[in-house]
Amino acid sequence: MNLDFAQIVPSIPFILDGIWVTLQYTLLSTFFGFLLGTVLSLFKISNIKPLKWFAVAYTSIFRGTPLIVQIAIVYFSTPQLIGYDITALQAGVLAFSLNSAAYISETIRGGILAVDKGQREAAMALGVPYRAMMWDIILPQAVKNILPALVNESIALLKESALVSTIGALDLLRRANIVASEKFIYFEPLIFVAAIYYVMVMALTLAARMLERRLRRSD
């Protein structure tokens, strides 16, 4: 073995700049994925058949195809289809959000159905409009119950964000590969980036546990 981490020390600031890039993809995709996933979950429990069919078909398509293929389709096909030269950030966030929404919608749907039916019946008896009942009574309880699953999805997005290196985004993995190709060493920069991912995942997990404990105390 011929390992020398000192060789990558001058490149550490360059690699660390990729943290913000990675977090951009993760945070934006989590936000938009949650919003779209919430809408899809409401479609799935709706009595309007076309909306329900659309949500089910959407989930089937995005869960049944590889994420890297979805990223490639969005990034490489968008200029061909609509003539818009989409950026790597836009393509990554769009693909991640659409994909994540399919999984989140199932999680939220399960959380909604797990809420005691008596609360829904009581709200309807009091004349609470359906929209207000969902947003003010049902959804807050559902999100509280499914928080661990939502955190797992965020962690998955954080790790899967490395796929944007395939479309040229200067995220952590892409920067590690650049350093590796310049210095003709691979283990040192890649293991360094793996450690950064691990620290970020552990920080996100710790923050989620603190939030979960706080929500439990508020019950």
Side-chain angles (χ1 to χ4, degrees), residues 25-75 77-78 81-82 90-161 163-164 204-205 207-209 211-212 215-216 218-219:
Y25 283 96
T26 304
L27 296 175
L28 290 173
S29 300
T30 299
F31 175 74
F32 290 115
F34 177 77
L35 290 182
L36 181 56
T38 301
V39 173
L40 289 171
S41 67
L42 295 177
F43 283 0
K44 289 178 179 180
I45 63 174
S46 172
N47 292 325
I48 304 175
K49 295 295 184 180
L51 294 180
K52 191 170 186 177
W53 292 337
F54 168 80
V56 171
Y58 177 99
T59 301
S60 176
I61 292 171
F62 280 92
R63 292 177 67 178
T65 55
L67 176 55
I68 192 169
V69 175
Q70 297 166 17
I71 295 173
I73 290 174
V74 172
Y75 184 69
S77 299
T78 298
L81 296 176
I82 63 174
Q90 292 171 336
V93 170
L94 179 59
F96 286 140
S97 298
L98 294 174
N99 180 274
S100 179
Y103 292 89
I104 289 177
S105 66
E106 281 294 289
T107 301
I108 296 177
R109 183 184 68 86
I112 291 174
L113 295 178
V115 175
D116 186 6
K117 293 182 179 180
Q119 299 194 35
R120 183 178 304 184
E121 294 171 354
M124 293 175 65
L126 292 172
V128 178
Y130 179 81
R131 180 178 298 180
M133 177 185 68
M134 291 302 302
W135 288 104
D136 297 332
I137 301 174
I138 305 299
L139 277 176
Q141 296 182 67
V143 170
K144 184 183 296 187
N145 293 334
I146 62 176
L147 183 60
L150 293 178
V151 171
N152 286 338
E153 178 62 23
S154 299
I155 291 174
L157 274 175
L158 175 60
K159 294 185 291 186
E160 290 170 350
S161 67
L163 292 175
V164 296
L204 181 58
T205 302
R209 288 176 180 172
L211 177 59
E212 189 175 357
L215 290 175
R216 288 176 178 175
S218 67
D219 289 339

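- Annotation: the span from Ile104 atom CD1 to Leu36 atom CG amounts to 9.0 Å, rounded to 0.5 Å.
- Put simply, the side chain of Ser41 gets close to the backbone of Thr38: a donor and an acceptor are under 3.5 Å apart.
- Applying the salt bridge (charged side-chain N to carboxylate O under 4.0 Å, His left out) test to residues at least two apart or on different chains, none of the pairs has a partner in residues 46-66.
- Atoms CG and CD, from Leu28 and Gln90 in turn, are 11.0 Å apart once rounded to the nearest 0.5 Å.
- Minimum heavy-atom separation, Thr59 to Lys44: OG1-NZ, 2.7 Å.
- Every side-chain contact (heavy atoms from CB on, under 4.5 Å) that Ile146 has, sequence neighbours left out, goes to Thr107, Ile108, Leu150.
- When all heavy atoms of Ser29 and Ser97 are compared, the closest pair comes out as CA-OG, 3.4 Å.
- Within the structure, no pair that satisfies the salt bridge (charged side-chain N to carboxylate O under 4.0 Å, His left out) test touches residues 33-42, not counting sequence neighbours.
- The two residues Asn99 and Gln70 make their nearest non-hydrogen contact at ND2-OE1, 3.0 Å.
- Heavy atoms only, all atoms of each residue included: Leu51 and Phe43 are closest at O-CB, 3.6 Å.
- The two residues Phe62 and Ala102 make their nearest non-hydrogen contact at CB-CB, 3.8 Å.
- Using a 4.5 Å cut-off on side-chain heavy atoms (C-beta onward), Leu94 and Phe32 make no contact.
- Across Ala95 and Leu67, no two heavy atoms sit closer than the pair O-CD1, 4.2 Å.
- Residues Ser154 and Thr26 form no side-chain contact, since every pair of their non-hydrogen atoms from C-beta on lies 4.5 Å or further apart.
- Here Leu98 contributes atom CG and Ile73 contributes atom CD1; the two are 11.0 Å apart, rounded to the nearest 0.5 Å.
- Heavy-atom contacts from other residues, nucleotides or ligands closer than 6.0 Å to CG of Leu81 number more than 12.
- Atom OG1 of Thr30 is separated from atom CG of Leu35 by 11.0 Å, given to the nearest 0.5 angstrom.
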Given Ile155 and Val151, is the side chain to side chain contact (heavy atoms under 4.5 Å, CB included) satisfied, shown in steps?
CA-CA 6 Å; Ile155 291 174; Val151 171; 4.0 Å; yes
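- Residues Ile71 and Phe96 meet the side-chain proximity criterion, which asks for heavy atoms closer than 4.5 Å.
- The CD1 atom of Ile112 lies 5.0 Å from the CG atom of Leu42; values are rounded to the nearest 0.5 Å.
- Between Leu40 and Phe54 there is a side-chain heavy-atom pair separated by less than 4.5 Å.
- In terms of modelled atom types and a separation under 3.5 Å, the side chain of Glu153 and the main chain of Ala149 share no donor-acceptor contact.
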